[in-house]
Structures are given as structure tokens and as C-alpha cells.
Amino acid sequence: MDREVNIRVDAKSRLGKQDHLWRWIGYDECNYTCVPEGRELLEKFAALGDAPYYFRSHFMFCTGNCHGAYKFGSTNIYWENEKGEPVYDFTWYDRIVDAWLQTGNKPFLELGFMPKDLADPGYLKPVDDWGSYNQYKETGWSCPPKDYGKWHGLIRAVGEHLKERYGEKEVESWYFELWNEPDIFYWKGTAAEYCKLFDYTEHALHEALPGARLGGPAVTGIFEGGHAQRFLRFFLGHCRDGANFCTGEKGTRLDYITFHAKGGGFPFEMHAKKEVPSVESLVRQVKLGLDVIREYGFGDREVILSEADPDGWAAGGVYDNANMIFRNTEYYASYVASIYDKIDRLGARYGVRVRPLAWAFLFPGERCFEGTRAFTTQGIDKPVFNLFKMYGSLGDTKIGFESDGAKGLDFLDQPARSTGSGGRYTGEGEKTDVSGFAVRTQEGEIQILIYSHCDDRDRTEDQRVRLAVENLETEQATVSHFRIDGEHSNARTEWIRQGSPLYPQGEQYAAIKARDGLEQLWEPREEKISEGRLTLEFSIPAHGVSLIRIR
């Protein structure tokens, strides 16, 4: 039986600026930036109406062959000659930064990881040359530096090079972040050693670029009493009151703060039982992080969730764990719409700008709809990328939106629930969340984004939506309705119709590709406005996103 949901939009209200908080993207494999498929996707983001988008990548300082591979990358930016003197080579580093800029985007530059010649050998075992490189790829990149002075020199050299190549004003529009998840295996040192690294980094970067924005500590998801929470507290306490390792003065400049949030974790498990990501868990992690930030007096800082995702393994796919199937479907789009909306509302509650960064890009050479956390597969846009097409078209004046089918944020005031027996969360028994937000463009168009999401990926029943738009200042309007669901803006559905080919070609590929755009639920139509009110009725499935435009 269909559930009825009533949504009311006040077209006359003005509730301030709608932050386009979705304009942050990231991925592990920095060298994928420069491959043809990478540049093609970068150009797609730059073509969105609210570009530029900010791009973050791991391994930007690492040593290797500068060829992309799952969970690794390299630029060879630093090496040492026979005398042990630093040598800087920006060839590959520049190619990556250039690709972001030339396609019309902006860098979110992660400062890490440790170059091979700078890694502290005390953390490594003596091995031959071949074993040395293998050991570096396994653990060496996560070590502290053998010499903090040389690390300082590297950061200063990077800052000076970027200023000379791109101009100080341009570089000051970027973001810099030190390291990634230093509370787990990405950092072999202690929390105090990370703070030391941050102090030397901050001093060096701001010597070269006084106006650059530097943040951290990019810890993993915040759980009550967990290691990431303790690490964040330690770091913020150091920045506020600690003795600066580089200058000896009290405290350290911190321009903005980063941490991560994930909705679940699906490891390699060939015959995995059903499991889904949790909206509640991810949003609760954001709240706990904001609580710590407020506790230490940094509530005025911008916060970037430099990885905000349904799960924790971007390179894994359906052949590693069948639960990754959701990434190919409309479920991924409705999940992102739900968490981004709640993050936006939570940030407003705290009076903080909170920007989630989607840790997703692409994987060249994969099988079609591999199930990796990617926006495209073999050049075919997934449903989740169509959500970003919706986002990119939106105005920035927020107007009133109410839904009696919204889950809201009340769950944050209740004790955290178990994720299910055996630690598995299936989403079964969850209610479908129907909510969204509305904006007005500078030209006066009303845009309403409505999502329907249930954590249970097998939920199928429709929600019957009655949308009332009030206080319209016209007697007639053109109404368009764009939709992402199982049958609209969903190339995977056509891929299945075509027999689920691993490497579609020719007419088969063309048929799939033809369905990867943003599609309309109905053709634009003229609607009469009675006493400033427009009423629309339509159905939306348990996993779907609608964009209604009134002009």
C-alpha cells in the first residue's frame, strides 16, 4: 500500500544562502587524474553549473613508477642524491595539479604521504633493493620523516613552487590538508608525532604562502570513546594550548578542521550476507566530531568531512563483496541525498559550515558496473552522478520546505542503536525517509529536490507525494520533473536489459550510454496557479530522487 507524504514549499520565504556543500570529491589513485578517462570525468564535473569542484587525492608525495594502481599512486616529487641532499622533481605533481585546473576544477591538496628517501628507516626492516621498494609500498609511505627539517624543506619547496607556477592568489583559493587518517595504519607514528609533523608543515607552508588554508587531522569516523575521537581531542588540544614543536610557542595555526565519516564497512567476503550502509551511523559520527570541535573552542572553523561515504573500501566491487551492488543503483543516489541533507541541517544547528567530500572517482579498465565506488563505469554515468547533475543546477537562495515524511535529526538525541546481530546491519524494518530542500535561482525559478531513501535496499513500495507550493507570484508556470529511480536516469537498468555484458560495444554500448543522462519523469507542462498555490501529486519509490523546477 502506498504511503502518503505531504510536502509544503513556501516560495516567498528567504532563509539565507543554500551552501553547495557537495562540491568536494576525492580518490586514492592520484595518477588516475591524468588518464583519458580521468580527464573526461573531471571535465564532466567542471561542466556542472556550480563548478569548480575541489579534488583531493592520496599518495601525492609518494615514490614509484607514477602509474595508477588500486590504492596506490606516486609522483617522485622528492628523492636524495648520493650526498643525502634533497632533490625536488615536480614533473608528475604538476601534471596532476594541471589536470585539475585545466579542466576547470580546483585542488584540495593532501600533503602526504612520505617519500621513500625521507621515510624513517627505524620503522623498516633491512632488506635488498627489490624488497626495499615492496616494503615501502606496503608500509614505508606511512612512516614519519627521518628528518623533520627535510620535511619542512619539502613543504616549503612545494609552497614556493605552486606560488611561482600558479600565482599566490590562485593557490590561496585551494585547500591544503596534512595526511590522511593518522589514527590508523596510514600513520606509523604517534599522535604527538603527527602534531609535530603538523607544526613543521604549518610553519613551512605559511612561510611560502601566508594566506594558504591548511587543515587536519583527517581522522577516521568518530565514535564515542573510540580512538579517532581521542586523537581528534589530542590534536585540537595541541593546536590550542600545546608547545609548538617547530617554533616553541604556544599553539598552532589551524585554518579549518577535517575528519571522516562512513556509513559502514564491507570487507572482502565472497559469500557475504546482506548488509547495507547506515544513514544514522554516518550522521551520528558527524555530530560527535562537531561536539569535540566545539568542546575545544574551534566552533568558528569551517569543517570538511574529507571522506564522507556509505562505506570504507572504494576499490572493492561486487566480485569482492556482493553488498557493493548498491553503488551501481539508484540506492547510492538516494543515500547520498539523504546524508548530505542531514549534514547540511546539522551544520546549521551548530552554526558551522560542514562540507562532505565524496570519496569516489573512477577505475579505468574495470568490468561494466563493477560495483566500485565510482561516478562512471566504462564512461557510462552511474545514477549517483546524475544526482550531482541535479545538485549542480541548483540556485543558492534557500526557501521554506517541510515534509511530514522526513526522518529529521531526532535520532541524534537518542542512544545509538545496534547495527544488528553479528554486527551486520540490513536496514530491514527502517522507515522510508522522504525529505529534501527547496531553493530559488537569481532568475526566480523555484527548484525543489525531494529524495526518498530507506536503508533497506530491498524496499520497493511507492510513496504518494502531495506537493503544495505556496506564495507563487504568477498565474501560470512551466513545471519540469527530473527523476532518478530504477527506470529513470539509470543506465544500469538498460545494461541489464542488454544482458549485463562485461565489456559492451557497438550498438549495445550505445543503448546503455543513451540512458546515462538525467531524465524527466514527465515532459515540461504548463500549470495554472490558483491564489498563489500549485499542487502536484506523484509517486516516488523507496529509493529515488526528484528535482522539480517551476518557472
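Values in this document were obtained by computation on a predicted structure and should not be read as measured data. We're numbering straight along the sequence, starting at 1.
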Please report the interatomic distance [atom1]([X]) to [atom2]([Y]), rounded to the nearest 0.5 Å.
{"X": "K342", "Y": "L282", "atom1": "NZ", "atom2": "CG", "answer": "11.0 Å"}
{"X": "I257", "Y": "L232", "atom1": "CD1", "atom2": "CG", "answer": "7.0 Å"}
{"X": "N321", "Y": "E275", "atom1": "CG", "atom2": "CD", "answer": "7.5 Å"}
{"X": "D120", "Y": "E193", "atom1": "CG", "atom2": "CD", "answer": "8.0 Å"}
{"X": "T426", "Y": "N323", "atom1": "OG1", "atom2": "CG", "answer": "10.0 Å"}
{"X": "S278", "Y": "D455", "atom1": "OG", "atom2": "CG", "answer": "5.5 Å"}

Regarding K71 and E29, does a basic nitrogen lie under 4.0 Å from an acidic carboxylate oxygen?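 Salt bridge absent between K71 and E29.
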Does the distance from a Lys or Arg side-chain N to an Asp or Glu carboxylate O, for K17 and D19, drop under 4.0 Å?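 A salt bridge is absent here (no side-chain N lies under 4.0 Å from a carboxylate O).
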Minimum side-chain heavy-atom gap [X]-[Y] below 4.5 Å:
{"X": "F259", "Y": "V303", "value": "yes"}
{"X": "Y296", "Y": "R294", "value": "no"}
{"X": "R165", "Y": "D98", "value": "yes"}
{"X": "F298", "Y": "C239", "value": "yes"}
{"X": "M114", "Y": "P144", "value": "no"}
{"X": "P145", "Y": "K150", "value": "no"}
{"X": "C66", "Y": "N31", "value": "yes"}
{"X": "I25", "Y": "Y54", "value": "no"}

Under 3.5 Å, is there a donor-acceptor pair between the [X] and [Y] side chains?
{"X": "D28", "Y": "Y70", "result": "no"}
{"X": "S281", "Y": "Q285", "result": "yes"}
{"X": "H543", "Y": "T329", "result": "no"}
{"X": "K106", "Y": "S173", "result": "yes"}
{"X": "S334", "Y": "H453", "result": "yes"}
{"X": "N244", "Y": "K250", "result": "no"}
{"X": "T372", "Y": "E366", "result": "yes"}
{"X": "T63", "Y": "N76", "result": "no"}
{"X": "T201", "Y": "W151", "result": "yes"}

Please answer whether the main-chain N or O of [Y] pairs with a side-chain N or O of [X] as donor and acceptor at a distance below 3.5 Å.
{"X": "Q135", "Y": "G140", "answer": "no"}
{"X": "D241", "Y": "G251", "answer": "no"}
{"X": "D309", "Y": "W359", "answer": "yes"}

Which of parallel (below 30°), tilted (30 to 60°) and perpendicular (above 60°) describes F185 and W141?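 Ring orientation of F185 relative to W141: perpendicular.
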Parallel, tilted or perpendicular for W100 and F55, by the 30°/60° rule?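 Geometry flag for F55 against W100: parallel rings.
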Apply salt bridge (Lys or Arg N to Asp or Glu O under 4.0 Å) to R213 and E177, showing your working. CA-CA 8 Å; R213 293 180 284 194; E177 180 187 39; over 6 Å; no
Apply salt bridge (Lys or Arg N to Asp or Glu O under 4.0 Å) to the pair R424 and E269, showing each step before the final yes or no. CA-CA 13 Å; R424 291 184 180 273; E269 190 175 0; 2.5 Å; yes
Is the distance from the ring center of [X] to that of [Y] below 6.0 Å?
{"X": "H20", "Y": "Y391", "value": "no"}
{"X": "F198", "Y": "H238", "value": "no"}
{"X": "F361", "Y": "F375", "value": "no"}
{"X": "F61", "Y": "Y78", "value": "no"}
{"X": "F45", "Y": "F385", "value": "yes"}
{"X": "F72", "Y": "F59", "value": "yes"}

ring-ring contact (aromatic ring centres under 6.0 Å, His included) assessment of H58 paired with W179: CA-CA 8 Å; H58 292 339; W179 222 257; 10.0 Å; no
Decide if atom CD of E207 counts as having more than 12 heavy atoms of other residues, nucleotides or ligands within a radius under 6.0 Å.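 More than 12 within 6.0 Å, yes.
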Which is it for D381 and K389 under the salt bridge (Lys or Arg N to Asp or Glu O under 4.0 Å) test, yes or no, and what are the steps along the way? CA-CA 11 Å; D381 297 346; K389 294 174 189 175; 2.9 Å; yes
Set out, in order, the CA-CA distance, both residues' side-chain angles and the distance that settles salt bridge (Lys or Arg N to Asp or Glu O under 4.0 Å) for E370 and R367, then state yes or no. CA-CA 5 Å; E370 182 92 17; R367 292 160 288 193; 2.6 Å; yes
Mark yes or no: K116 above the aromatic ring of Y133, with NZ or CZ under 6.0 Å from the six-membered ring centre and no more than 45 degrees from the axis.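 Not satisfied by the 6.0 Å and 45° rule.
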Does the pair F231 and Y194 meet the rule for a ring-ring contact (aromatic ring centres under 6.0 Å, His included), with working shown? CA-CA 10 Å; F231 196 109; Y194 174 81; 5.7 Å; yes
Stepwise ring-ring contact (aromatic ring centres under 6.0 Å, His included) check, Y186 with F113: CA-CA 9 Å; Y186 282 93; F113 299 114; 5.7 Å; yes
